[in-house]
Asker: 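I am attaching a structure below and will ask some questions about it afterwards.
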Amino acid sequence: MTASTLAQWMLQSNSTLILTGAGMSTESGIPDFRSRKGWWKNTDPRTVATVESLQQNYELFREFYQMRIQSLMDFEPHRGHEILANWEARGHLSLIATQNVDRFHQQAGNHAVAELHGNIVTIRCQSCGKPLPLGHFVDNAVCTYCKGKLRPNVVLFGETLPQEAWNRSLKEIQGADLVIVIGTSLEVYPVNQLPAMCKGRLVYINLDVAGNSRNFDLVIQGTAGEVLAEVDKYLQEPIVE
Ligand code: APR
């Protein structure tokens, strides 16, 4: 009944926000960070995902993000992403606030997306801040303007979140009737503070629900693709009580 309950809550909601994490993209083939096969299982994030690593160990930093960018090219959004794009088109959601840097929500057709941790497919110079083509970073080039180090526009640990994305997500979450959190361990600050700011109903869809379930009105354990498909079925033919 949980999928039909969520569908009913969505139909009753005038403003639904979706908050996603890396678990939203694992069915596309991209690892998450903290699960058994996650990126941080074999790589210490301090050595590749901090400003210090960019400044002090640039080759390792660049290699790590080149590898992630390359692997992204082999994958594409899955049905879960497509369902969320369809929900936006049908007016069932007002914003996707995402921690993901893969732009799969936009690739699947969503327009209302706030990139809370930036993205991995656009590049800038760490020194002069000027944007440069992705290919320059992939080809180990330096900044054509100042010879500075190139880096993807991801938010590294210790960096502040993009203000526009954060403010938009905060405003939407505080006004939302319904917030659906999908595929995140909620371990990373400050995004993990956002669900608590919702005054409406709060739903958690995740493979591993241990440790987080007490804060939610409804918890659905499962994969994003399967659960979203289940809910979408009920949205297509609403249950008449
Ligand atoms: N469907 C639903 N949930 C899933 C799926 C799936 N197919 N696959 C994995 N999960 C769940 C895992 O059980 C885990 O709880 O998704 C969660 C992913 O958690 P993390 O790996 O911690 O990823 P996330 O929460 O997005 O990390 C936050 O940390 O490393 C930084 O900047 C990085 O944005 C990232 C942030």
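We use all heavy atoms of the structure for the numbers below, so side chains are in, but hydrogens, waters and symmetry mates are not. These numbers were taken from a predicted model, which means no experiment stands behind them. Just follow the structure's listing: the first ligand is 1, and inside any ligand the first atom is 1.
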Asker: Please list the nearest protein heavy atom to atom 35 (C) of ligand 1 with its residue and the distance rounded to 0.1 Å.
Answerer: F33 CE1, 3.6 Å
Asker: After noting the C-alpha distance and the side-chain angles of E82 and R79, does the key distance pass the salt bridge (Lys or Arg N to Asp or Glu O under 4.0 Å) rule?
Answerer: CA-CA 5 Å; E82 281 141 25; R79 63 175 169 166; over 6 Å; no
Asker: Taking atom types as modelled and ignoring hydrogens, do the side chains of T122 and N119 form a donor-acceptor contact shorter than 3.5 angstrom?
Answerer: yes
Asker: With heavy atoms under 4.0 Å as the rule, classify the contact between H117 and ligand 1 as side chain, backbone, both or neither.
Answerer: side chain
Asker: If we ignore angles and hydrogens, is there a donor and acceptor under 3.5 Å between the side chains of Q107 and D102?
Answerer: no
Asker: I'd like to know if the side chain of K199 reaches the main chain of Q174, judged simply by a donor and an acceptor atom lying under 3.5 Å from each other, with no hydrogens or angles considered.
Answerer: yes
Asker: Do H136 and T144 have a side chain donor and acceptor closer than 3.5 Å?
Answerer: no
Asker: What is the nearest protein non-hydrogen atom to atom 10 (N) of ligand 1, stated with its residue, atom name and distance?
Answerer: G23 CA, 3.6 Å
Asker: Can you tell me which portion of D208 lies within the under-4.0 Å heavy-atom range of ligand 1? Options are side chain, backbone, both, or neither.
Answerer: both
Asker: Suppose I only count heavy atoms of G183 and a 4.0 Å limit; which atoms of ligand 1 are within that range?
Answerer: 3 (N), 16 (O), 17 (C), 18 (C)
Asker: Can you confirm whether the side chains of S53 and T50 place a donor and an acceptor under 3.5 Å from each other?
Answerer: yes
Asker: Please state whether G38 comes within less than 4.0 angstrom of ligand 1, counting heavy atoms only.
Answerer: no
Asker: Rounded at 0.5 Å granularity, tell me how far CZ in F104 sits from CG in L72.
Answerer: 4.5 Å
Asker: So which heavy atom in the protein is nearest atom 26 (O) of ligand 1, and how far is it from that ligand atom?
Answerer: A22 N, 2.8 Å
Asker: Below 4.0 Å from ligand 1: does a non-hydrogen atom of E27 turn up there or not?
Answerer: yes
Asker: How does N206 reach ligand 1, by side chain, by backbone, by both or by neither, if only non-hydrogen atoms under 4.0 Å count?
Answerer: both
Asker: Looking only at protein heavy atoms, which one is nearest to atom 24 (P) of ligand 1, and how far off is it?
Answerer: T184 OG1, 3.8 Å
Asker: Taking non-hydrogen atoms only, is F157 closer than 4.0 angstrom to ligand 1 via side chain, backbone, both or neither?
Answerer: side chain
Asker: Mind checking whether I205 has an N or O less than 3.5 Å away from an N or O of ligand 1?
Answerer: no
Asker: How about D177 and W9: does a side-chain donor come under 3.5 Å of a side-chain acceptor?
Answerer: no
Asker: Heavy-atom distance to atom 29 (O) of ligand 1: which of R34, E187, M24 wins?
Answerer: R34
Asker: Which residue and non-hydrogen atom of the protein lie closest to atom 12 (C) of ligand 1, and at what distance in Å?
Answerer: S35 OG, 3.5 Å
Asker: May I ask you to decide whether E115 forms a salt bridge with R103, counting only side-chain N to carboxylate O separations under 4.0 Å?
Answerer: yes
Asker: Going by an N to O cut-off under 4.0 Å, is there a salt bridge joining D232 and R90?
Answerer: yes
Asker: With atom 17 (C) of ligand 1 as the reference point, say which of S185, S25, G80 has the nearest heavy atom.
Answerer: S185
Asker: Which atoms from ligand 1 have a heavy atom of G21 less than 4.0 Å away?
Answerer: 26 (O)
Asker: Give the residue and atom name of whichever protein heavy atom lies nearest to atom 30 (O) of ligand 1, and the separation in Å to one decimal.
Answerer: W40 NE1, 2.8 Å
Asker: Applying side-chain hydrogen bond (donor to acceptor under 3.5 Å, both in side chains), name anything that partners Q163, two or more places apart in sequence or on another chain.
Answerer: N167
Asker: With respect to T223, determine whether any N or O atom, backbone or side chain, lies less than 3.5 Å from an N or O atom of ligand 1.
Answerer: no
Asker: How far is atom 36 (C) of ligand 1 from its nearest protein heavy atom, and which residue and atom name does that atom have?
Answerer: V188 CG2, 3.7 Å
Asker: What residue and heavy atom of the protein are closest to atom 1 (N) of ligand 1, and at what distance?
Answerer: A224 N, 2.9 Å
Asker: With atoms numbered from 1 as shown, which atoms in ligand 1 lie under 4.0 angstrom from a non-hydrogen atom of G222?
Answerer: 1 (N), 2 (C)
Asker: Please name all residues satisfying side chain to side chain contact (heavy atoms under 4.5 Å, CB included) with V138, sequence neighbours left out, ordered by chain then number.
Answerer: I69, L134
